[in-house]
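First comes the structure, then the notes that go with it.
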Protein chains: 2
Amino acid sequence: MADVARHAGVSLKTVSRVVNQEPHVRTSLQQRVQAAISALGYRRNEAAARLARGATMLTLGLVMENISNEFYSRLAAAVEAASAEHEALVVFGSYEESAAKERMLIETMYARGVDSLIIVPSAADHSWLAEHAGLTTVFVDRVPSGLSAADVVLLDDVWGGRAATEHLLAHGHRRIALISDDDGLSSVHDRAIGYRSALAAAGVPADDELVVRGVFEPARVACEVGRLLGLPAPPTAFFATNNRAAIGILQALRERPERPAYVGFDDFALADVFNPGVTVVRYDVTRLARSAVDLLLNPSRTARRVKVPVELVTRGSGEIPA
Amino acid sequence: MADVARHAGVSLKTVSRVVNQEPHVRTSLQQRVQAAISALGYRRNEAAARLARGATMLTLGLVMENISNEFYSRLAAAVEAASAEHEALVVFGSYEESAAKERMLIETMYARGVDSLIIVPSAADHSWLAEHAGLTTVFVDRVPSGLSAADVVLLDDVWGGRAATEHLLAHGHRRIALISDDDGLSSVHDRAIGYRSALAAAGVPADDELVVRGVFEPARVACEVGRLLGLPAPPTAFFATNNRAAIGILQALRERPERPAYVGFDDFALADVFNPGVTVVRYDVTRLARSAVDLLLNPSRTARRVKVPVELVTRGSGEIPA
């Protein structure tokens, strides 16, 4: 456009007005600009013009803990697909377990004009979000702390924890270990409630010695699994409350002779390629994502809570007898 | 702030000027606003105020093909870590193999004030990016089409393809299949060049029957691997040019009796948990990400090209003899 302006001997503003077909441009100026455009072969960039008018695509922000975890990368892909149905784009950001970074990320997305946000919240207090009354927000997978009125899409975590544990009990196990990460998160907390309620219903006493909390990395999980298997009264089965815990169990069993049963929560790409395949509590991540996008695009004055069902998929690892 | 303005009987603009301590606000107005602030308990949101002044954190955009692929999710996490060292935030977007969506994503990030971009380019023409002269851009993993002067960070793909193939040749294989996706991408193209040059150096004729191109999904790879193993003169080894191809081989071998050797390009989380472990061409994704961020933050007038070395990691699957 600068070249066109120079060639026509007019201002950049005039070129812009002609190109955007604004009214009240003198015919002689219009003709000079059109001649310069023809001479230079200037081609209007439609996308750029649309953007210059402020007509960007509806943009959703997805804020989550750790993009390198398969749960989040699957969720991100599903949110993207659900948004594409509404011609919306998605930008992601992850906060790597830092509450301060989570807040800065949300504030920055807000300042950058992101229209609405889907947040997988950390365990930190989120009451400050109430200040951004104009920002439409939906929480996914976990209930945020300190916000009483917020739309939330959750998995049926209690049911999943109970189903996994009942399945292991049905195969004769009585010493079932629980491997979990941050039980300040509602999801982890609820899966553990399901585990305990299944044990209680079967009359099996819960043994705190078999409960591992606050372990995030597969390598550390593997270490804890090895420790538990070395106990005088070791577990014969494991319930892993997330994919990283299940992967840690796989790593531990590579080095150990024992063959305990185990069930994971969260499916993962290679779960059916192992021998035995990994029995998991699975859910439709597309449904999780679509529910969140639907809530975002249909705001309501009252807070809503959607629960996405989960199911047990048997592949071998959960059916090993005690 | 709207409540404060109403309470003080002044405009929102006046409240903003008082709160931001701008000069030339009449003392009487200042006092009325301060009184309203005290009465209402209005608390200035420092983060919001900083953002309103435009003082957001430096924001990098990362545009890539498919967030659910482990290569991209690892890259995203590494770019985020490298950016954090410079107190910059990262937003991601993925274009799911659509060139039109890739462009819209880049244009939208640009319009949203993202300061600079790291792009893993699709095979489409990127010459239109030259219009955004003000936008600092670094390409990663692939050379973009139609842009002669661009900073690019690449893996040593030719070396990796050759090393993988030489390794299989050294274990006695002569019929080595190549499984690849879009060879319009420079990375895929260069890995295939390495494969062919290793065969040529060993005097092994390349057999087009053993070359599979344009296959993206593990399930389709598995189908092609089954087909190749059923040939009258089947391959005894495979070189998979990316992680999805390697996973497709794992899936195929779950159903088949043959035990061919195979080497993958790209490491993945569970590669060492399988039995045998998966031999791969590996690289330091942190180094890849840090090189890109370094180029972004240190712009130059001349286009630069950085090549990140790769290495062969032997774990078992590549050492099966012919």
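All of these numbers come straight from a predicted model, not from anything done at the bench. Quick note on labels: first sequence line is chain A, next is B, and so on, each numbered from 1.
Contacts of B:N275 with chain A are absent, with no heavy-atom separation under 4.5 Å from either backbone or side chain. Heavy atoms of B:V273 lying under 4.5 Å from chain A belong to its backbone as well as its side chain. Contacts of B:Y72 with chain A are absent, with no heavy-atom separation under 4.5 Å from either backbone or side chain. Heavy-atom distances place no part of B:E70 under 4.5 Å from chain A, backbone and side chain included. Heavy atoms of A:V91 lying under 4.5 Å from chain B belong to its backbone as well as its side chain. In this structure, no portion of A:N69 lies under 4.5 Å from any heavy atom of chain B.
When only modelled atom types and interatomic distance are considered, B:E80 and A:S94 share a side-chain donor-acceptor pair under 3.5 Å. Between the side chains of A:E319 and A:T279, at least one donor N or O sits under 3.5 Å from an acceptor N or O.
Chain A forms more heavy-atom pairs under 4.5 Å with one residue of B:D272, B:I247, B:L253, B:I67 than with any other, namely B:I67.
Atom CZ of B:F265 and atom CG of B:N243 lie 11.0 Å apart (nearest 0.5 Å).
Checked against B:S122 for a side-chain hydrogen bond (donor to acceptor under 3.5 Å, both in side chains), the options B:E96, B:R103, B:E102 give a single hit: B:E102.
Annotation: side chain of B:L129 is in contact with side chain of B:I106 (closest heavy-atom distance under 4.5 Å).
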> Yes or no on side-chain contact (heavy atoms from CB on, under 4.5 Å) for A:F71 and A:N242, after CA distance, side-chain angles and deciding distance?
Replying inline: CA-CA 9 Å; A:F71 167 69; A:N242 63 37; over 6 Å; no
